[in-house]
Amino acid sequence: MLPASNLARVKRQKMFETEQINIALEIQQYCGDQGLPPPIIQWNWIPFSGHWGISTPFFQTAAQEAKAGKKINISQRAQEIAQSVASHFQNRPEFERVEAVNGYLNLYYSTNEFARRVVDEVLSNGVRFGRGEARGKRVMVEFSQPNTHKAFHVGHLRNVILGDAVSSILEFAGFDVVRANYYGDIGLHVIKWLWNYLKFHEGEEPSGDMVQWLGKIYAEADQRYEEDPAVQEEVRALFGRWDRGDPEIVALWEKTRTWSLEAFDRLYQMLGVRFDHVYFESEVEESGKQLVAGLIKQGIARDERPEGAVIVPLDDLAGTKDKFRVLVALRSDGTSLYATKDLSLAIKKFEEFNLDTSIYVIDVRQSLYMQQIFKTLELMGYDWARNCYHLAYEIVNLPGNVTMSSRDGTIVLLEDLLREATSRALEIVQQKNPELPQGVKEDIAKTVAFGAIKYSMLSRDNTKIVTFDWNSALDFNGQAAPYIQYAYVRANSILKKTEKKLSDNLAVSYPLNQAEIELIELISRFPGEVQRAAKEYRPLYLSTLAFELARSFNDFYNQCPVLQAEEPIRSFRIRLTTAAKQTIHNCLEVLGIRAPEIM
RNA sequence: GCCCCUGUAGCUCAAUGGAUAGAGCACCGGACUUCUAAUCCGAUGGUUGUGGGUUCGACUCCCGCCAGGGGCGCCA
């Protein structure tokens with residue numbers, strides 16, 4: 001229930017929200033006048049009705065009466081109250097029908113009037129339809145976080161796709177979003193790579209796919225490192241040289257790092273993902289070490305060197321048991337760990353960007369680690385630590401619960417997946433539209449293939465493991481992006497054959513049929529679903545809505561002739577088709593999926 | 001041992017504490033002289049892991065148990 005005093009603060013994030021709040025207040029007023037406890041109004045869509053409207057139950061009101069001592073049958077009493085309220089709302093122009101059923105009050109909108117308003121709202125806002133009002137809150141989303149000098153596989157892809165979608169959704173919902181990447185450009189893995197390069201690949205220049213080439217050298221290095229203690233010794237020595245700033249090593253590091261960064265730039269560009277700010281581990285390493293020294297002084301960290309490392313005994317400090325465990329903040333040899341750098345980086349983010357919220361898109365296996373970092377920051381006295389949020393997602397596995405690992409060679413390279421998916425899509429375009437120019441066909445194939453891959457990851461909840469297999473990854477049928485894209489193409493195909501200028505926003509003067517009503521209802525849900533997805537960081541709500549919009553449009557397409565229809569039906573259906581196309585576009589847009597004009 | 005996640009149709013997954021738990025895939029049967037069949041229509045398919053509790057009402061919230069996965073001092 002929204003108290004009247006809060007009414008002015010309610011932003012119009014959903015369509016018709018103001019109307020709904022006003023009616024809710026009126027119902028509460030009415031119940032109060034009748035001597036009933038004020039009901040909590042929770043508007044739902046009316047199920048099974050096939051009409052457009054809102055609904056709210058009165059069980060709670062009845063239950064409150066029962067608790068107050070009245071001897072009543074609750075469901076019966078709820079129906080009585082609903083009936084009473086319904087009679088109060090009888091003969092109101094904004095509702096076509098008002099009824100009380102099973103303890104619910106059902107308010108059926110005047111369908112044609114609301115249809116007009118929904119379609120008009122979409123058409124007048126265009127690409128901005130569904131966009132929330134600016135909130136004046138800044139949120140940083142850190143995602144992708146690749147290691148340089150390593151391969152990029154399908155497991156990493158889920159992070160990028162999720163982070164990108166969440167960023168877009170938040171931005172569309174009204175937040176000021178800073179998309180941040182954080183490269184692991186230094187550390188043991190890089191030194192191992194450099195060692196292997198110097199020893200076995202000296203002077204080689206990258207060839208073919210850069211990320212793959214770098215990854216191959218890394219995998220090789222890792223294997224030699226694991227198998228041979230002498231290698232470990234050499235790598236440590238090399239790490240020492242790097243630490244001392246040996247010019248030859250630093251130069252090689254800089255050169256190869258650049259190769260890697262350029263390759264990632266191309267990769268993100270290909271995926272249609274951009275970042276507003278980029279951080280590097282190398283830039284927070286020194287500040288991290290200093291920060292840990294400070295922690296020791298403050299008595300937050302315990303220096304157990306030389307026998308042990310520098311640790312933060314979180315459970316002792318927080319007064320918990322077996323909850324936060326112990327965070328290792330610095331190695332016993334004084335070299336930095338992830339934690340060393342993450343603590344420093346967290347502070348840097350808030351200082352540089354004046355954030356309200358800081359989101360970390362990182363897989364679920366690092367949940368404890370993330371809580372340790374946030375807790376440590378809190379103990380350091382940073383109040384904003386509670387505005388740090390770990391957006392955990394489950395990993396991508398291979399069949400048989402096999403974790404993707406470069407070391408074990410159990411990976412599906414991004415490159416391979418994209419190539420395979422694109423060629424499969426191209427084959428289908430070839431069949432459907434052989435007359436199109438080759439370049440156009442290739443564009444469509446890419447759009448479809450990338451869309452399919454992104455959608456398959458976004459249409460599953462963050463907490464669900466994705467099991468990768470080629471068959472389902474390359475399946476373009478059913479609930480998948482190509483289905484949605486095809487509905488968009490069909491809408492476009494109708495519109496191409498109409499006059500450029502849309503007719504005016506006239507009242508709908510014919511009885512809408514079922515398919516039209518459902519389509520309009522789904523369109524009207526979009527702004528609310530954007531807010532819900534933003535609030536819970538769940539693109540799933542929008543990937544589901546996109547599919548439902550597409551299915552509903554296909555239904556409309558089959559049942560409702562547009563171009564052949566008589567006026568004024570024809571004009572309205574053209575407007576509705578335009579609105580559906582726009583809404584599908586906006587919905588896919590925030591998911592990072594493009595829609596082709598033809599396919 | 002402690003903590004987290006998951007368990008829903010044969011399979012992969014949805015479902016604001018609300019009315020009759022829905023899609024896709026697979027399987028079976030239909031629909032292109034039509035705004036593109038990458039589509040649509042129909043049929044089959046359920047003790048929501050299990051036992052309690054809270055509630056007018058539980059797939060949803062709480063507790064126990066079972067099963068699977070993950071995490072827990074110098075990896076990232």
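In the text below, chain A, chain B and the rest are named by the order of the sequence lines, each starting its count at 1. Remember, it's a predicted structure, so these values are computed and weren't measured experimentally.
Side-chain proximity of A/Arg365 to B/rU6, B/rG71, B/rU39: nearest is B/rG71. Closest to the side chain of A/Asn401, out of B/rU12, B/rA37, B/rG70, is B/rG70. Candidate nucleotides B/rG73, B/rA14, B/rU39 were compared by shortest atom distance to the side chain of A/Arg460, and B/rA14 ranks first. In the set B/rA14, B/rA76, B/rC40, B/rC40 carries the atom at the smallest distance from any side-chain atom of A/Arg551. Considering only the side chain of A/Val101, B/rA19 comes nearest among B/rG1, B/rA19, B/rG18. Side-chain proximity of A/Lys67 to B/rC56, B/rU39, B/rU6: nearest is B/rC56. Here B/rC75 is the nucleotide among B/rC75, B/rA15, B/rG18 with the atom lying nearest to any side-chain atom of A/Leu337. Minimum atom distance to the side chain of A/Ile465 is reached by B/rG69, of the listed B/rG18, B/rG69, B/rC75. In this structure, the nucleotide among B/rA14, B/rG71, B/rG18 sitting nearest to the side chain of A/Phe59 is B/rG18. Set against B/rU16, B/rA23, B/rA76, the side chain of A/Phe547 has B/rA23 as its closest nucleotide.
Note on A/Asp222: nothing from the nucleic acid sits closer than 4.0 angstrom, heavy atoms only. As judged by a 4.0 angstrom heavy-atom cut-off over every strand, A/Asn397 is placed among residues making no nucleic acid contact. Across all strands shown, A/Gln42 has heavy atoms under 4.0 Å from base atoms, whether or not it also approaches the sugar-phosphate. Counting any heavy atom pair closer than 4.0 Å across all strands shown, A/Tyr104 reaches a base atom. No engagement by A/Val310 is indicated, since no non-hydrogen atom pair under 4.0 Å with the nucleic acid exists. The residue A/Arg325 sits close to a base: some heavy atom pair falls under 4.0 Å. Base engagement by A/Gln366 is indicated by at least one non-hydrogen atom pair under 4.0 Å involving a base atom. Across all strands shown, A/Tyr541 has heavy atoms under 4.0 Å from sugar-phosphate atoms exclusively, and none from any base. In this structure, A/Ser332 reaches the bases: a heavy-atom distance under 4.0 Å links it to at least one base atom across the strands shown. A/Leu368 comes within 4.0 angstrom of sugar-phosphate atoms only, judged by non-hydrogen atoms across all strands, and of no base. Within the 4.0 angstrom heavy-atom criterion, base atoms lie near A/Gln60. No contact: A/Lys150 has no heavy atom under 4.0 Å from any strand. Across all strands, A/Ala62 comes closer than 4.0 Å to no nucleic acid atom at all (heavy-atom distances). Among the atoms of the strands shown, only primed sugar atoms or phosphate atoms (P, OP1, OP2) are found under 4.0 Å from some heavy atom of A/Asp461.
Atom CD of A/Gln64 is separated from atom P of B/rU55 by 14 Å (rounded to the nearest Å).
Taking the ring axis of A/Phe280 as reference, the NZ or CZ atom of A/Arg257 stays within 45° of it and closer than 6.0 Å to the ring centre.
Within the 4.5 Å cutoff, side-chain heavy atoms of A/Tyr389 are placed close to those of A/Leu391. Counting heavy atoms from C-beta on, the side chains of A/Asn492 and A/Thr577 never come closer than 4.5 Å. Considering only heavy atoms from C-beta on, A/Tyr537 stays 4.5 Å or farther from A/Val361 through its side chain.
Side-chain atoms of A/Arg331 and base atoms of B/rC74 include no donor and acceptor less than 3.5 Å apart. Contact of A/Ser55 with B/rA19 (side chain to base): a donor-acceptor pair of N or O atoms is detected under 3.5 Å. For A/Asn558 against B/rU39, no side-chain N or O and base N or O form a donor-acceptor pair under 3.5 Å.
For the OP1/OP2 pair of B/rC56 and a distance below 4.0 Å, the side-chain nitrogens and oxygens of A/Ser75 include no atom meeting the criterion. An OP1 or OP2 oxygen of B/rC72 is reached within less than 4.0 angstrom by no side-chain nitrogen or oxygen of A/Lys323. For A/Lys321 and B/rC3, the shortest distance from a side-chain N or O to OP1 or OP2 is not below 4.0 Å. Side-chain nitrogen and oxygen atoms of A/Tyr557 include at least one within less than 4.0 Å of the OP1 or OP2 phosphate oxygen of B/rA37. A close approach under 4.0 Å does not occur between any side-chain nitrogen or oxygen of A/Tyr182 and OP1 or OP2 of B/rA76. A/Arg302 has no side-chain polar atom (N or O) that falls below the 4.0 Å cut-off from OP1 or OP2 of B/rG73.
Salt bridge A/Asp315/A/Lys323: absent, no basic N to carboxylate O contact under 4.0 Å. Salt bridge annotation for A/Glu99-A/Arg97: present, with a cationic side-chain nitrogen under 4.0 angstrom from a carboxylate oxygen. The residues A/Asp316 and A/Arg302 are annotated as salt-bridged, a charged nitrogen and a carboxylate oxygen being separated by less than 4.0 angstrom. A salt bridge links A/Glu597 to A/Lys581: one of the charged nitrogens lies within less than 4.0 Å of a carboxylate oxygen.
For the residue pair A/Asp555 and A/Ser552, no side-chain donor N or O sits within less than 3.5 Å of a side-chain acceptor on the partner.
Residues A/Phe476 and A/Leu540 each lie close to RNA chain B; by heavy-atom proximity, the contact nearer the 5' end of the strand is made by A/Leu540. Both A/Gly478 and A/Pro57 lie near RNA chain B, and the one whose nearest nucleotide falls closer to the 5' end is A/Pro57.
Nucleotides B/rG53 and B/rG17 place their P atoms 23 Å apart, quoted to the nearest Å. Between B/rG69 and B/rG24, the distance separating the two C1' atoms is 25 Å to the nearest Å. If you take atom P in B/rU50 and the same atom in B/rG10, they sit 13 Å apart, rounded to whole Å. On the P atoms, B/rU8 is 45 Å away from B/rC35, given to the nearest whole Å.
Glycosidic conformation of B/rG10: anti, with the torsion beyond 90° of 0. Annotated as syn: B/rC32, whose O4'-C1'-N torsion sits within 90° of 0.
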